[in-house]
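Quick caveat, the model's predicted, so the values are computed rather than measured.
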Amino acid sequence: MPAPLLQIETTPALPTSADAVVIGGGIVGVFAAYHLARRGLKVALVEKGRIGAEQSSRNWGWCRQQNRDARELPMATKSLSLWEDFAGETGEDTGFRRCGLLYLSDDESELAGWARWGDFARTVGVTTHMLDGAQASEKGAATGRRWKGGVVSPTDGTADPARAAPVVARAVMKLGGTVHQMCAARGLELEAGRVSGVVTEAGTIRTPIVVLSGGAWASSFCRQLGIRFPQASIRSSILSVAPGAEGLPAALHTAAVSATRRGDGGYTLAISGRARVDPTPQQIRFARHFVPMFARRWRSLAPGGFEGWKSGHETLQRWRLDEPTPMEFNRILDPRPDQTQIRLTLERARALLPALQKLPVSAAWAGYIDSTPDGVPAIGEISSLPGLVLAAGFSGHGFGIGPGAGHLVADLVTDEPPIVDPKPYHPDRLNGSAWGKVADF
């Protein structure tokens, strides 16, 4: 059974022109469209499949500051407020709640790392509390065991991956924007060296601004335009169990397994960082750029199969604009979950949290998490192609910081003061080496 997803009706007729076109209906794309529409721009969002159907509905739903890399922390902090603001502005419910995040550990080095991060975080106004053994054991009472320590971030929270992107897309339409599902963008039209339109399978939209928020497909799309964007994906597998567990934390992380309460009262279960590496043509092309990333995370990664090669999202193929593209042959990336990992995750979760032992599995799924070589998103206008703003490579962090990323995109497009310093995110940084610059968390 795939990841749950709220289905929405979208705009049937494609406009002939727009002030800005957003390619990709994941959480970053819908929030970019939302913030652009709020500023009075005529916005069209095109999505090759369903809104939120790929990684935006397949993640844990965490919206956190805790343990963020210093480059992402300002955006994470702003995003928490924007999640709350969205509900007040629209009346739509993304499921966002500041429920707090609880981390527990028996590893002294891990606890020391969290403490160092907490010392830094407090200098920038982030609330985080280290827990001693007694406090951690009390807050982790649902595990029925003692812990050496932990950390709690009371102002962090979660949103509902099953509904967040769809309800933001619905808000875009209420503001006068148009949203188009099952409508792949095949490429761009250019005039005098800058963007002048988007060619879709349903027709061309004339526009001077394009936001490319294509997730795992972004690099192959960039390749059609002669733009080099190093990007690679890993396949992560998670599951959910039915409602019925009482007394569990809303969001709990341990080295063995993590658990998150879902909107329906069930729990999402996952092993942090554990994933398969499915080789693809693009992964081979950019392999040397990802050596630092894989060197840091190799203990959590295992070789995969050729499903990624067949799926087409990291192809080196060039396609024509008047013929179906790989996005139309595979509208929704829905890779098979790693059953070995699913069994291990469930076994660990039931051992850690006795309240889960009798609950049945309600769903299991996988998703491709796209990453940049340094683990930090690429957000900014492409220097070689004016009018094209890239917002991709969120490295598993996109859901939580989606509101801030969308706001920053709108700031860049409308030349407003940016919500955060845009320099750490600019795609130009990826033209150099990423050695020694991989994100800490």
K.L.:
Where the side chain of D338 meets the backbone of S237, is there a donor-acceptor pair that is under 3.5 Å apart?
P.N.:
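No.
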K.L.:
Check this for me: does any side-chain nitrogen of one of D421 and K423 sit under 4.0 Å from a carboxylate oxygen of the other?
P.N.:
no
K.L.:
Measure from the side-chain N and O atoms of R98 to the backbone N and O of T155, and report whether any donor-acceptor pair falls under 3.5 Å.
P.N.:
yes
K.L.:
Contact between L188 and I23 at the side-chain level, heavy atoms closer than 4.5 Å - yes or no?
P.N.:
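Yes, their side chains come closer than 4.5 Å.
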K.L.:
Answer yes when R320 and E323 have at least one side-chain N-carboxylate O distance shorter than 4.0 Å, and no when they do not.
P.N.:
yes
K.L.:
Would you say the ring centers of F86 and F31 fall short of 6.0 Å from each other?
P.N.:
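Yes.
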K.L.:
Taking 4.0 angstrom as the limit, do E328 and K48 come out as a salt bridge?
P.N.:
no
K.L.:
Check the surroundings of atom CD in E9: do more than 12 heavy atoms from other residues, nucleotides or ligands lie under 6.0 Å from it?
P.N.:
no
K.L.:
Please answer whether the main-chain N or O of G215 pairs with a side-chain N or O of Q231 as donor and acceptor at a distance below 3.5 Å.
P.N.:
yes
K.L.:
Can you check whether T204's main-chain N or O pairs, donor with acceptor, with T200's side chain at less than 3.5 Å?
P.N.:
no
K.L.:
Do L385 and L190 make a side-chain contact, defined as non-hydrogen atoms from C-beta onward lying under 4.5 Å apart?
P.N.:
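Yes, their side chains come closer than 4.5 Å.
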K.L.:
Counting only heavy atoms not in K174, do more than 12 fall under 6.0 Å of its NZ?
P.N.:
yes
K.L.:
Please check this pair: side chain of W83 against backbone of G400, looking for a donor-acceptor N/O pair closer than 3.5 Å.
P.N.:
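Side chain of W83 to backbone of G400: a pair is present.
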K.L.:
Under 3.5 Å, is there a donor-acceptor pair between the S105 and D107 side chains?
P.N.:
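Per modelled atom types, S105 and D107 side chains form no pair under 3.5 Å.
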K.L.:
Check whether any side-chain N or O of E314 sits under 3.5 Å from a backbone N or O of Q282 as a donor-acceptor pair, and report yes or no.
P.N.:
no
K.L.:
Does F399 have its ring centroid less than 6.0 Å away from the ring centroid of W62?
P.N.:
no
K.L.:
For a 4.5 angstrom cut-off between non-hydrogen side-chain atoms, does R318 reach S220?
P.N.:
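In short, these two side chains do not touch, never coming nearer than 4.5 Å.
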K.L.:
Partners of D119 by side chain to side chain contact (heavy atoms under 4.5 Å, CB included), sequence neighbours excluded?
P.N.:
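For D119 the side chain to side chain contact (heavy atoms under 4.5 Å, CB included) partners, ignoring immediate neighbours, are R122.
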K.L.:
Please name the residue in the list T94, L5, L6 that meets the side chain to side chain contact (heavy atoms under 4.5 Å, CB included) test with R163.
P.N.:
L6
K.L.:
Does G305 offer a backbone N or O that forms a donor-acceptor pair with the side chain of D278 under 3.5 Å?
P.N.:
yes
K.L.:
Examine the side chains of E72 and H397 and answer whether a donor and an acceptor come within less than 3.5 Å of each other.
P.N.:
yes
K.L.:
Looking only at non-hydrogen atoms, find the nearest pair between R274 and S236 and report the distance.
P.N.:
O-OG, 3.9 Å
K.L.:
Of the options T128, I401, L73, V124, which is the one that meets Q65 in a side chain to side chain contact (heavy atoms under 4.5 Å, CB included)?
P.N.:
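Of the listed options, the one satisfying the test is L73.
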K.L.:
Quick one: do D85 and K78 make a salt bridge, cutoff under 4.0 Å?
P.N.:
no
K.L.:
Decide yes or no on salt bridge (Lys or Arg N to Asp or Glu O under 4.0 Å) for R331 and E54, but give the supporting numbers first.
P.N.:
CA-CA 10 Å; R331 291 190 180 275; E54 293 188 340; over 6 Å; no
K.L.:
Would you check if there is a donor-acceptor pair between the side chains of R39 and T414 at a distance under 3.5 Å?
P.N.:
yes
K.L.:
Under 3.5 Å, is there a donor-acceptor pair between the side chain of T254 and the main chain of V257?
P.N.:
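Here the side-chain-to-backbone pair exists.
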K.L.:
So, E89 versus Y34: side-chain donor-acceptor pair below 3.5 Å or not?
P.N.:
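Their side chains do contain a donor-acceptor pair, which is all the 3.5 Å distance test asks for.
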K.L.:
Could you check T178 against V43 for side-chain contact (heavy atoms from CB on, under 4.5 Å), going step by step and ending with a plain yes or no?
P.N.:
CA-CA 6 Å; T178 63; V43 179; over 6 Å; no
K.L.:
Looking at L36, V210, L408, D19, which one forms a side chain to side chain contact (heavy atoms under 4.5 Å, CB included) with V413?
P.N.:
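Output: one option passes, namely L36.
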K.L.:
Assess whether atom CZ of R336 is packed by more than 12 heavy atoms of other residues, nucleotides or ligands within 6.0 Å.
P.N.:
no
K.L.:
Side chains of Q7 and R50 only: does a donor on one sit below 3.5 Å from an acceptor on the other?
P.N.:
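On atom types as modelled, these side chains qualify, holding a pair under 3.5 Å.
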K.L.:
Within the side chain of S56, is there an N or O that forms a donor-acceptor pair under 3.5 Å with the backbone of G26?
P.N.:
no
K.L.:
Among side-chain atoms of N330 and S311, is any donor-acceptor pair under 3.5 angstrom?
P.N.:
no
K.L.:
Any donor and acceptor pair, going by atom type alone, linking the side chain of R170 with main-chain N or O of T10 inside 3.5 Å?
P.N.:
no
K.L.:
I need the single residue from L45, V168, I8 that forms a side chain to side chain contact (heavy atoms under 4.5 Å, CB included) with V179. Which is it?
P.N.:
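With V179 as partner, L45, V168, I8 yield a single side chain to side chain contact (heavy atoms under 4.5 Å, CB included), made by L45.
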K.L.:
Hey, are the side chains of Y103 and Q66 touching, using non-hydrogen atoms and a 4.5 Å cut-off?
P.N.:
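Yes. Closest side-chain heavy atoms under 4.5 Å.
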